[in-house]
2 protein chains.
Amino acid sequence: MTRKVTIRDLAEAAGVSVTTVSQILNGKGERFSLDTRRRVHQLQEELGYVPDFNARNLIMKSAQTIGVLVPNLGNPFFSMFIRGVQEASREQHFIPLIFGANHDEKLESYYVEELIKRAVDGLIIASASITAEAIDNILKKNGIPYLLIDQNGGPSLDRIRIDDERGGQLAAEHLLSLGHRKIAVVMPEHPTDNLVIRLAGFKERLAESGVMLPDSAVVISPMTKLGGYQATAGVMTQKPTAVFAINDETALGLMRGLHEQGLNVPTDISVMGYDDIDLDEYVVPKLSSIRQPVVTMGQQATTLLINRIQDQRQAAQLVDLPVELRQRESTGPVK
Amino acid sequence: MTRKVTIRDLAEAAGVSVTTVSQILNGKGERFSLDTRRRVHQLQEELGYVPDFNARNLIMKSAQTIGVLVPNLGNPFFSMFIRGVQEASREQHFIPLIFGANHDEKLESYYVEELIKRAVDGLIIASASITAEAIDNILKKNGIPYLLIDQNGGPSLDRIRIDDERGGQLAAEHLLSLGHRKIAVVMPEHPTDNLVIRLAGFKERLAESGVMLPDSAVVISPMTKLGGYQATAGVMTQKPTAVFAINDETALGLMRGLHEQGLNVPTDISVMGYDDIDLDEYVVPKLSSIRQPVVTMGQQATTLLINRIQDQRQAAQLVDLPVELRQRESTGPVK
DNA sequence: TTTTTTCTTGTAAGCCTTTTCGAAACATGA
DNA sequence: TCATGTTTCGAAAAGGCTTACAAGAAAAAA
């Protein structure tokens, strides 16, 4: 490979100064004669000149880059989220740096630090393990704008708010309408804000109909397929007619567990998920769920963040996103 | 936020030159007195000095970054692959830039270009749409090392080779051993090299037992859940006793389709997948599959690439990875 | 004491780009 | 002829870092 072509080479070849080249190539070259502009562009093609990324960033103080931290890339919910992020990033000529932290606090800290070192312009954090305060601390100190997902009450300036309370209510209404009165819930040990709110909405709506959800009916288990599977025993001791799994992954694991125990969904027990991942349509029985507009969430989060990056002093932005019930086959009338 | 602390500030505070600071902070400071070294380190802490990433890269001509292109982040197979990539990257202090191209050729080209602009040190491409030649062309011109996944016969120097032929054979053997003789296959329209080899192994082993697989028994459909679902009709017209879906995603879609047609898996028809994604253990019935060590693949691919980056002139590297049968519930004896 | 060696540190060039501030060159109007 | 305006372009600084090379001081050798 030959040495890299620099702006200097190009300037020399075109018989102009580096200033001229730089200006023209950056769309600020109206002041130059058409002839010069054409010549520069043509020679760029010929020589295959590509501005050096690092040199440019050094001056510009921005690499047009955002960091994105999700708990688990394997969860379709987050891969959909990422998809939204990538779409919006592309439109704005940003590049997302994506990391799955696998629910590991050490890893999260490592990535956040690494991203700061690498001078990302902003951060989207959809990860539960680090506390919001710790994040706020380190990022604010570094002057890096950020957005927290799944932390409706967090300290970040801009917010994208999903109506989790309504989501919980919808789930409750649906189960109530099918006649369920004895209901269990599967939740993780350290729920993020949105999950707490989700559960609150659920309980609240239940209570309105005179159905109490005792603490004992809330089975604690990790938010993964395995976690759902492992929660099976805990759920069964409650002998509920319906279970509300806090997300679809968990629901999928739980359904497998119930199946192994010889229970039929939904005739013996109804299962309600949350997130509306694409898999819901394929499993047997199809999983009833609450839909979150997750691709939109990714897009909006990205847009909000980039807006913030481009104008740090603008007013706080707020986006509200709706949820809706997706009734499928895993929920049915109580016997 | 206060202005960023530069190496100059730190040098001044410590009463030494920037050279001293630079050398000490980069582990090349044995020549300096212990006293000086301690002072510098301490003041770094106190002032919170972080070397400017771009300035450093400008000199070093490397951002310790690799690009990773996968067809679809939503497929657990690739999210596992990514996981391996991230693990290995972390160990080597590299950062992967990850992109899902959604099987879109335009998108792939866009990302490859963007990654070149951003001066990544190397590329891992596990994406089917761009031809291997096109990739080789553009990357070789830019002197960027790369590694192709799912392209066993590709032009890239280093290779990580999965024994897809054996994988196909294993699938065939398994179905044969259960007594199946009438078998269908679901494949995508433009299969990558590894898929072609996989099918060849499958056919070959079948042929050895005197079972022919006519072209008409190969149903063409995209490698997604939806693709598998849509292939159902095509499969059923063959009236096979077993189906080999070219990957698990496809198999999942197909199983849903078969279920809707009132067929029971495996008593009416056996379904065999490929990839051994985690979901296989959760669906009902559990999906029989061929396991590829995908996390290892991601790790090895990353390691190989980084080795290559660090020594462009070393001999070609080759890693062979095994496959194995994972018999589960979706395959059973022929009636 | 003088010379040589060993420790310890600093000077300055260079990486490649963007951008500020002018300055030639030329035409125009008085 | 001179002042003024317009068009077109360039010199040079700045950005923060690494590193080849030089050099001063102290210790050892002569």
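Throughout, a chain's letter reflects where its sequence line sits, starting with A, and its residues are numbered from 1.
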Would you mind telling me which of [options] lies closest to the side-chain atoms of [X]?
{"X": "Asn26(A)", "options": "dT18(C), dT17(C), dC17(D)", "result": "dT18(C)"}
{"X": "Met60(A)", "options": "dT18(C), dG10(C), dT8(D)", "result": "dT18(C)"}
{"X": "Ile7(B)", "options": "dT19(C), dC17(D), dC16(C)", "result": "dC17(D)"}
{"X": "Val16(B)", "options": "dT17(C), dG10(C), dT20(C)", "result": "dG10(C)"}
{"X": "Ile59(A)", "options": "dC15(C), dC17(D), dT17(C)", "result": "dT17(C)"}
{"X": "Ala55(B)", "options": "dG16(D), dT19(D), dT17(C)", "result": "dG16(D)"}

[X] side chain N/O closer than 4.0 Å to the phosphate oxygens (OP1, OP2) of [N]?
{"X": "Thr6(A)", "N": "dC16(C)", "result": "no"}
{"X": "Arg56(B)", "N": "dT18(D)", "result": "yes"}
{"X": "Thr36(A)", "N": "dT8(D)", "result": "no"}

Rounded distance (Å) that lies between atom [atom2] of [N] and atom [atom1] of [X]:
{"X": "Arg8(A)", "N": "dG14(C)", "atom1": "CZ", "atom2": "P", "value": "11 Å"}
{"X": "Lys28(B)", "N": "dC7(C)", "atom1": "NZ", "atom2": "P", "value": "21 Å"}
{"X": "Gln23(A)", "N": "dT18(C)", "atom1": "CD", "atom2": "C1'", "value": "8 Å"}
{"X": "Leu10(B)", "N": "dT9(C)", "atom1": "CG", "atom2": "C1'", "value": "15 Å"}
{"X": "Phe53(B)", "N": "dC17(D)", "atom1": "CZ", "atom2": "P", "value": "13 Å"}
{"X": "Phe32(B)", "N": "dT19(D)", "atom1": "CZ", "atom2": "C1'", "value": "11 Å"}
{"X": "Glu12(A)", "N": "dC16(C)", "atom1": "CD", "atom2": "P", "value": "14 Å"}
{"X": "Leu47(A)", "N": "dC16(C)", "atom1": "CG", "atom2": "P", "value": "15 Å"}

Nearest-nucleotide comparison on DNA chain C, the residue closer to the 5′ end among Val18(B) and Lys61(B):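 Upstream on the strand: Val18(B).
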
Other residues, nucleotides and ligands only: do more than 12 of their heavy atoms fall within 6.0 Å of CD on Gln312(B)?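 Counting neighbours around CD of Gln312(B), more than 12 heavy atoms of other residues, nucleotides or ligands fall under 6.0 Å, so yes.
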
Just to be sure I understand the rule, does [X] reach a base, reach only the sugar-phosphate, or reach nothing, if contact means heavy atoms closer than 4.0 Å?
{"X": "Ser33(B)", "answer": "sugar-phosphate"}
{"X": "Ser22(B)", "answer": "base"}
{"X": "Gly29(A)", "answer": "nothing"}
{"X": "Asn54(B)", "answer": "nothing"}
{"X": "Arg31(B)", "answer": "base"}
{"X": "Tyr49(A)", "answer": "sugar-phosphate"}

Looking at Glu114(A) and Arg118(A), does any basic side-chain N land under 4.0 Å from a carboxylate oxygen? yes

What about Thr19(B): does its side chain form a donor-acceptor pair under 3.5 Å with the base of dT18(D)?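 Per atom types, no contact qualifies.
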
Can you confirm whether the side chains of Ser22(B) and Thr19(B) place a donor and an acceptor under 3.5 Å from each other? no

Looking only at non-hydrogen atoms, find the nearest pair between Ala301(B) and Phe81(B) and report the distance. CB-CZ, 4.3 Å

If you round to the nearest 0.5 Å, how far is CG of Asn142(A) from NZ of Lys117(A)? 12.0 Å

Donor-acceptor pair, side chain of Asn102(A) and main chain of Asp104(A), under 3.5 angstrom: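 Judged by distance alone, no pair lies under 3.5 Å.
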
